[in-house]
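Contents: one structure, followed by commentary.
Worth saying up front: this structure is predicted, and the values here are computed from it rather than measured.
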Amino acid sequence: MNATSAEQGSAPVTEDALRSVLLAGERPSRPGPVRTSLTFGWRALLKIKHVPEQLVDVTMFPIMFTLMFTYLFGGALAGSTQEYLQFLLPGILVQANVMITMNTGITLNTDIQKGVFDRFRSLPVWRPSPLVGALLGDVMRYSIGSAIVITLGLVLGFRPEGGAVGVVLSVVLLLVFSFCLSWLWTMLSLILRTPNSVAGVSMMVMFPLTFVSNIFVDPKTMPGWMQAVVEVNPITHLATVVRGLMDGSVPAGEIGWVLVSSVLLVAVFGPITMVLYRNKK
């Protein structure tokens, strides 16, 4: 019995026998772009679950800016804090979301420095999936930030005349713009060498864009040359749209400008990002 078992155990494995074992089950189909992008988006959400500190910029900064500007400058700029809150809150909503987008580039650069993206590029999936998935995951962060700002505003006395419909439409448009703006920081994350450098350059870009706009004050009070700068700032058009929708008006021309700006952001920085990602060493 032992001799027979030993003889059977030493029998060579034929190629046909090996193929029959490997091909015993049906081979799963290759996942498509949507599926792989959603998978990487889920990965981004799991990172938030395990590192909740990532939500500090989504939670604390919007609350801090809303309270500071409302109660420090509201009386001086609008005569009363409540009146200024009606003007300020849509602008703070815009500022909170566009500032949050910077975290996209910082997170991607961190993954690149750790070698994670080298592994992703070796997988048999749609090449842009890790980038698109990371951006989709960040949309949830933008939604959380929007919900916090709006809830705080309602508690403080903000009353949107456009009702729930106006608020929802303004948030949807804001999320679209934020997603498109994130491609800029994704491009920077592939060019710059450290997360700190990505954060520094991003802040240097975003601070002028957000403060030289109509987020905090009416541009009519500014010098003529600065008004011209503010009027061509895409953040100004975005804040105008959000204010209009929350006030119950539909600024069709401004909505068009925001959508065109969003398309241009993706059309310019999307291809550059993909070229850099493909050639990244």
Side-chain angles (χ1 to χ4, degrees), residues 31-66 89-90 92-112 114 116-117 120 125-126 128-154 164-189 195 198-199 202 206 210 235 238-239 241-242 245-246 258-259 262 265-266 269-270 273 277:
V34 175
R35 183 178 175 184
T36 54
S37 297
L38 292 177
T39 300
F40 282 108
W42 179 246
R43 172 184 177 268
L45 296 181
L46 289 178
K47 290 175 65 177
I48 295 176
K49 175 184 176 182
H50 294 293
V51 189
E53 296 91 327
Q54 295 184 44
L55 293 179
V56 171
D57 58 343
V58 178
T59 55
M60 299 309 299
F61 286 151
I63 294 174
M64 181 177 63
F65 271 100
T66 302
L89 193 102
I92 288 291
L93 183 62
V94 170
Q95 186 205 36
N97 276 272
V98 297
M99 295 290 281
I100 291 170
T101 61
M102 296 187 300
N103 187 72
T104 300
I106 298 171
T107 302
L108 288 176
N109 189 272
T110 301
D111 283 344
I112 292 170
K114 291 181 178 179
V116 176
F117 263 62
F120 290 162
V125 298
W126 185 50
S129 294
L131 299 178
V132 176
L135 296 178
L136 290 176
D138 280 339
V139 170
M140 180 59 67
R141 300 177 69 252
Y142 309 151
S143 301
I144 294 173
S146 299
I148 289 175
V149 172
I150 293 172
T151 301
L152 177 61
L154 293 174
V165 175
V167 172
V168 171
L169 289 177
S170 63
V171 171
V172 169
L173 193 62
L174 185 54
L175 293 181
V176 171
F177 182 86
S178 298
F179 174 82
C180 297
L181 179 62
S182 297
W183 284 97
L184 170 59
W185 316 128
T186 304
M187 181 194 71
L188 289 178
S189 71
V198 175
S202 300
M206 284 310 304
T210 53
I235 303 301
L238 181 61
V241 169
V242 172
L245 291 173
M246 288 189 172
V258 172
L259 294 177
S262 301
L265 285 169
V266 177
F269 298 113
T273 298
Y277 179 59

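The minimum heavy-atom distance between G105 and V198, with the atom names listed, is C-CG1, 3.7 Å. In this structure, A44 and G137 approach most closely via the heavy-atom pair CB-CA, 4.0 Å.
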* Run the numbers on T110 and V116 for side-chain contact (heavy atoms from CB on, under 4.5 Å), then give the verdict. => CA-CA 9 Å; T110 301; V116 176; over 6 Å; no
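Between L174 and F179 the shortest side-chain heavy-atom distance does not fall below 4.5 Å. Taking the side chain as every heavy atom from C-beta outward, I92 and L152 never approach each other to under 4.5 Å. Considering only heavy atoms from C-beta on, W126 comes within 4.5 Å of S37 through its side chain. Y142 places a side-chain heavy atom less than 4.5 Å from the side chain of S182. At least one side-chain heavy atom of D111 sits less than 4.5 Å from a side-chain heavy atom of R43. With a 4.5 Å cut-off on side-chain heavy atoms, T107 and D138 do not count as touching. Considering only heavy atoms from C-beta on, S170 stays 4.5 Å or farther from V241 through its side chain. Contact of the L93 side chain with the L89 side chain is not registered, since no non-hydrogen atoms from C-beta on lie closer than 4.5 Å.
Taking CD1 of I63 as the reference point, atom CE of M60 lies at 5.5 Å (rounded to 0.5 Å). The distance from atom CG of L173 to atom CG of L259, rounded to the nearest 0.5 Å, is 5.5 Å. Atoms OG and CD1, on S189 and I112 in that order, are 4.5 Å from each other to the nearest 0.5 Å. Between the CD atom in Q95 and the CZ atom in F65 there is a gap of 4.5 Å [rounded to 0.5 Å]. Note that CE of M187 is 13.0 Å distant from CG of L108, once rounded to the nearest 0.5 Å. Put simply, OG on S129 and CG on L38 are 9.5 Å apart, with the number rounded to the nearest 0.5 Å.
With S178 contributing its side chain and L175 its backbone, the two residues share no donor-acceptor pair below 3.5 Å.
Taking the six-membered ring for Trp and the full ring otherwise, F120 and F40 have centroids separated by under 6.0 Å.
Scanning for side chain to side chain contact (heavy atoms under 4.5 Å, CB included) contacts around L265 gives F177, C180, L181, F269, with sequence neighbours left out.
There is a side-chain donor-acceptor pair under 3.5 Å between T101 and W185.
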